[in-house]
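Before any comments, here is the structure.
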Amino acid sequence: MAESARRPGPTLVLSHDLGEVGRARSFVRKHCNALGFDDDTCDAAILLTSEAVTNAFIHGRSEARLRVTAAEGRLHVEVADDNSRHPQRLDQDADALDGRGMAIVQQLATRWGVRDDPYGKTVWFEVAARR
């Protein structure tokens with residue numbers, strides 16, 4: 001399904017507060033289950049949502065807007081923020097407490113990308129249903 005043909009899914013606006021990451025995970029789990037995806041797919045999407053929302057708060061320095069849709073056996077999640085700077089994968093430092101988010105996204109997502117918006121960007125990812 002072309003992205004333009006995807007019907008808008010439920011959206012959640014999250015205040016710029018790391019405590020909201022838990023609410024984002026619950027939102028994705030609820031909609032992932034309602035859309036009929038298996039637990040492994042939902043768990044991967046929830047982990048990726050945590051990474052993307054945390055990045056939006058820390059690097060985007062704004063509220064985050066979260067949307068969940070499904071298309072062709074894939075769960076599609078979008079996280080928008082007000083900063084136009086795209087995420088970058090960092091070189092891994094085994095002693096660092098952070099900096100692994102994009103590596104996790106690249107490993108678990110079937111596809112992912114960034115779309116520029118008039119007031120920032122949207123990071124999106126898809127997780128294919130396990131067969």
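Index from 1, following the sequence.
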| said: With a 4.0 Å cut-off on N to O distance, would you call D43 and R29 a salt bridge? | reply: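 So D43 pairs with R29 through a salt bridge.
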
Can you tell me how far apart [atom1] ([X]) and [atom2] ([Y]) are? Round to the nearest 0.5 Å.
| X | Y | atom1 | atom2 | result |
| --- | --- | --- | --- | --- |
| D39 | N33 | CG | CG | 6.5 Å |
| Q106 | R111 | CD | CZ | 15.0 Å |
| H59 | T54 | NE2 | OG1 | 9.5 Å |
| Y119 | R65 | OH | CZ | 11.0 Å |
| N83 | R61 | CG | CZ | 7.0 Å |
| R25 | I46 | CZ | CD1 | 8.5 Å |

Check whether any side-chain heavy atom of [X] lies under 4.5 Å from a side-chain heavy atom of [Y], and answer yes or no.
| X | Y | result |
| --- | --- | --- |
| N55 | V123 | no |
| V77 | L66 | yes |
| D81 | F57 | no |
| W112 | L48 | no |

| said: Is it the case that the side chains of D116 and H86 hold a donor-acceptor pair, with the cut-off being a distance below 3.5 Å and no angle test? | reply: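 H86 vs D116: donor-acceptor pair found between side chains.
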
Minimal non-hydrogen separation, [X] against [Y], with atom names:
| X | Y | answer |
| --- | --- | --- |
| E20 | V13 | OE2-O, 4.4 Å |
| L14 | E63 | O-CB, 3.1 Å |
| A44 | V127 | CB-CG1, 4.0 Å |
| F125 | A45 | CZ-O, 3.7 Å |
| T110 | A128 | OG1-N, 2.8 Å |

| When clusters are formed by joining ILVMFWY residues with side-chain heavy atoms under 4.5 Å apart, either directly or through shared neighbours, do L18 and L12 land in the same one? |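 They do share one cluster, since a chain of ILVMFWY contacts under 4.5 Å joins L18 to L12.
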
| field | Cluster check V114, V53: I/L/V/M/F/W/Y, side chain < 4.5 angstrom | value |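 Yes.
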
| message | Can you classify the ring geometry of H76 versus W124 as parallel (below 30°), tilted (30 to 60°) or perpendicular (above 60°)? | response |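 It falls in the parallel class, under 30°.
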
| task | Could you note down all residue pairs passing disulfide (SG to SG under 2.5 Å) where residues 42-84 supplies at least one of them, sequence neighbours left out? | result |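 Listed once each, the pairs are C32-C42.
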
